[in-house]
Amino acid sequence: MNFSDSYAITGDFLTTCNDFYSTVSTQSSNTGLKKKEVDRSAGELAVFNKGHYYLHTTAYKPTGLALGFPLPDPDFKENLWNISMEIKRHLRMFSPQSTKLFAHVPPESYHVTIVNRKHFDNNDLVEPLSSSEKDRAENVIQKLQIGEVAVYFNGFIISNEGRVLVRGYVFDNRLFYLRKKLTEIGNIFKDRIPVGAHIKLGHVLIQLDKHELKTFNQRISYLSEQISALIKFNDCYTQQGQISFR
């Protein structure tokens, strides 16, 4: 069975992604960053290693299926890492004496979540995909034969939880249809299913009110313009091994 438009979900997928990013951006602009979330990131989720703060693995490592991890384009990965470093540098204007400004996702771990097995926001115990669950997911994907999944990345936003997200857009129903079919497998993939196709760069570790966040966004707007890439994925990552889309 080959993938075709006959399996399409009703809806404009480009608009779905754009509406999601618009909502996230508007929320943070209106409220600033949530103190509770920023405090949690700084206190529980940030780990210092070799001169930088990184997120704890529970806050970024895929528990289900993901595109990337690592990304198939090394140049794009390096560009995102450089932007992540620049974001940290610009945060220093609000807290000049602090070294705990931004917790990075390691660049080799950048990914787009397809579906989660568990999510760190919902569970104290984050459980990865089991071998049998991976086999069930692979069986579904092999039947779909969707071919490659293309995502266009353009700019980034900051959520009101302080999470910096690279905006990703899809132009057909492949990713959304894949999510739909995977969430139909028993009760495995039901936890915080993403709406868009974004990559997380990291978490802000200092509090910014809405006025400070506006100033910060103005200062780093040129960085967003440096993100523009069409990335094609021919397989997906799980902790139990890769699954081919072909």
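Below, all heavy atoms of this structure are taken into account, side chains as well, without hydrogens, waters or symmetry copies.
- Partners of Phe153 under the ring pair (Phe, Tyr, Trp, His ring centres under 6.0 Å) rule, at least two apart in sequence or in another chain, are Phe76.
- Looking at heavy atoms from C-beta onward, Asn234 lies out of side-chain contact with Ser244 at the 4.5 angstrom threshold.
- Checking side-chain atoms of Thr26 against main-chain N and O of Ser22 turns up a donor-acceptor pair under 3.5 Å.
- Two different hydrophobic clusters hold Tyr21 and Ile193 under the rule that ILVMFWY side chains link at heavy-atom gaps under 4.5 Å.
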**Q.** side chain to side chain contact (heavy atoms under 4.5 Å, CB included) between Arg167 and Ser224, intermediate numbers included
**A.** CA-CA 10 Å; Arg167 298 181 307 224; Ser224 197; 4.2 Å; yes
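- Pro194 and Asn116 make their closest contact through CD-ND2, 4.5 Å (heavy atoms, listed as atom of the first residue, atom of the second, distance).
- Val151 and Ile157 are members of different hydrophobic clusters when ILVMFWY side chains are connected at heavy-atom separations under 4.5 Å.
- Listed by chain and number, the residues in a salt bridge (charged side-chain N to carboxylate O under 4.0 Å, His left out) with Glu127 are Arg117 (sequence neighbours excluded).
- Summarising the geometry, atom OG belonging to Ser41 is positioned 10.0 Å from atom NZ belonging to Lys100; distances are rounded to the nearest 0.5 Å.
- Partners of Lys61 according to the salt bridge (charged side-chain N to carboxylate O under 4.0 Å, His left out) rule, which considers only residues two or more places apart in sequence or in another chain, do not exist here.
- Counting only distance, with no hydrogens or angles, the side chain of Thr16 and the backbone of Asp12 share a donor-acceptor pair below 3.5 Å.
- Ile199 and Val24 fall into different hydrophobic clusters, where Ile, Leu, Val, Met, Phe, Trp and Tyr are joined by side-chain heavy atoms under 4.5 Å apart, directly or via other members.
- For Thr238, the side-chain contact (heavy atoms from CB on, under 4.5 Å) test picks out Leu65, Leu129, Lys134, Gln240, Ile243, with sequence neighbours left out.
- For the salt bridge (Lys or Arg N to Asp or Glu O under 4.0 Å) condition, the pairs that include at least one residue of residues 22-37, sequence neighbours left out, are Lys35-Asp39, Glu37-Arg163.
- Transitive grouping of hydrophobic side chains (ILVMFWY, heavy atoms separated by less than 4.5 Å) brings Ile188 and Val115 into a common cluster.
- Considering CG of Asn82 and CE of Met85, their distance stands at 8.0 Å, rounded to 0.5 Å.
- Between Asp172 and Phe13 there is no side-chain heavy-atom pair separated by less than 4.5 Å.
- Applying the side chain to side chain donor-acceptor pair (under 3.5 Å) rule to Asp209 yields no partners; only residues at least two apart in sequence or on another chain are considered.
- Looking only at side-chain heavy atoms (C-beta outward), Lys214 and Lys210 stay at 4.5 Å or farther from each other.
- Closest approach of Ala103 and Ala46 over heavy atoms only: CB-CB, 4.1 Å.
- Residues Ile206 and Phe94 are in side-chain contact: their nearest non-hydrogen atoms beyond the backbone lie under 4.5 Å apart.
- Side-chain rings of Phe20 and His198 approach one another, their centers coming within less than 6.0 Å.
- The shortest distance between side-chain heavy atoms of Ser29 and Leu213 does not fall below 4.5 Å.
- Atoms CG and CG, on Leu33 and Leu208 in that order, are 5.0 Å from each other to the nearest 0.5 Å.
- Note: His203 and Phe120 have tilted aromatic rings, judged against thresholds of 30 and 60 degrees for the angle between ring planes.
- For Ser228, the side chain to side chain donor-acceptor pair (under 3.5 Å) partners at least two apart in sequence or on another chain are Tyr152.
- Lys232 pairs by the salt bridge (charged side-chain N to carboxylate O under 4.0 Å, His left out) definition with Glu148, not counting sequence neighbours.
- Formation of a donor-acceptor pair under 3.5 Å by the Lys181 side chain with backbone atoms of Ala137 is not found in this model.
- In terms of heavy-atom proximity, Pro107 sits nearest to Trp81 at CD-CE3, 3.6 Å.
- Residues Tyr110 and Lys200 approach most closely at CD2-O, 3.9 Å, considering heavy atoms.
- A side-chain N or O of Asn122 and one of Asp191 form a donor-acceptor pair less than 3.5 Å apart.
- Applying the side chain to side chain donor-acceptor pair (under 3.5 Å) rule to Ser159 yields the partners Glu161; only residues at least two apart in sequence or on another chain are considered.
- Among residues at least two apart or in separate chains, there is no salt bridge (Lys or Arg N to Asp or Glu O under 4.0 Å) pair with a member in residues 14-25.
- In this structure, the side chains of Leu80 and Ile227 come closer than 4.5 Å at one or more pairs of heavy atoms.
- Annotation for Val112 and Arg179: closest pair CG1-NH2, 4.4 Å, computed over non-hydrogen atoms.
- At a threshold of 4.5 Å between non-hydrogen side-chain atoms, the residues Pro62 and His111 count as touching.
- At least one cation-pi condition fails for Arg219 and Phe216: the charged atom is not both under 6.0 angstrom from the six-membered ring centre and inside a 45 degree cone around its axis.
- Side-chain atoms of Asn154 do not come within 3.5 Å of backbone N or O of Gly168 as any donor-acceptor pair.
- A side-chain donor-acceptor contact under 3.5 Å links Ser130 and Glu133.
- Proximity of a side-chain donor or acceptor of Ser95 to a complementary backbone N or O of Leu91 within less than 3.5 Å is not detected.
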Q: Apply side chain to side chain contact (heavy atoms under 4.5 Å, CB included) to the pair Phe245 and Val149, showing each step before the final yes or no.
A: CA-CA 8 Å; Phe245 290 148; Val149 174; 3.7 Å; yes
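- Note on Leu71: it does not cluster hydrophobically with Leu230, by side-chain heavy-atom contacts below 4.5 Å among ILVMFWY residues.
- Once rounded to the nearest 0.5 Å, the distance linking CZ of Arg40 with CG of Leu45 reads 5.0 Å.
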Q: Could you go through the side chain to side chain contact (heavy atoms under 4.5 Å, CB included) check for Ile231 and Phe233 one step at a time?
A: CA-CA 7 Å; Ile231 308 297; Phe233 302 89; 3.6 Å; yes
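- Not counting sequence neighbours, Glu212 has no partner by the salt bridge (charged side-chain N to carboxylate O under 4.0 Å, His left out) test.
- Closest of all the heavy-atom pairs between Leu175 and Gly196 is CD2-O, 4.5 Å.
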Which atom pairs, donor and acceptor, lie under 3.5 Å between side-chain atoms of residues 48-57 and protein residues at least two apart or in another chain?
unit_1, atom_1, unit_2, atom_2, d
His52, ND1, Lys88, NZ, 2.9
His56, ND1, Thr58, N, 3.1
His56, ND1, Thr58, OG1, 3.1

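- Residues Phe189 and Ile114 have side chains not in contact (no heavy-atom distance under 4.5 Å, counting atoms from C-beta outward).
- Counting only distance, with no hydrogens or angles, the side chain of Ser221 and the backbone of Gln218 share a donor-acceptor pair below 3.5 Å.
- When each of Thr63, Thr113, Asp121 is tested with Arg192 by the rule side-chain hydrogen bond (donor to acceptor under 3.5 Å, both in side chains), just one qualifies, namely Asp121.
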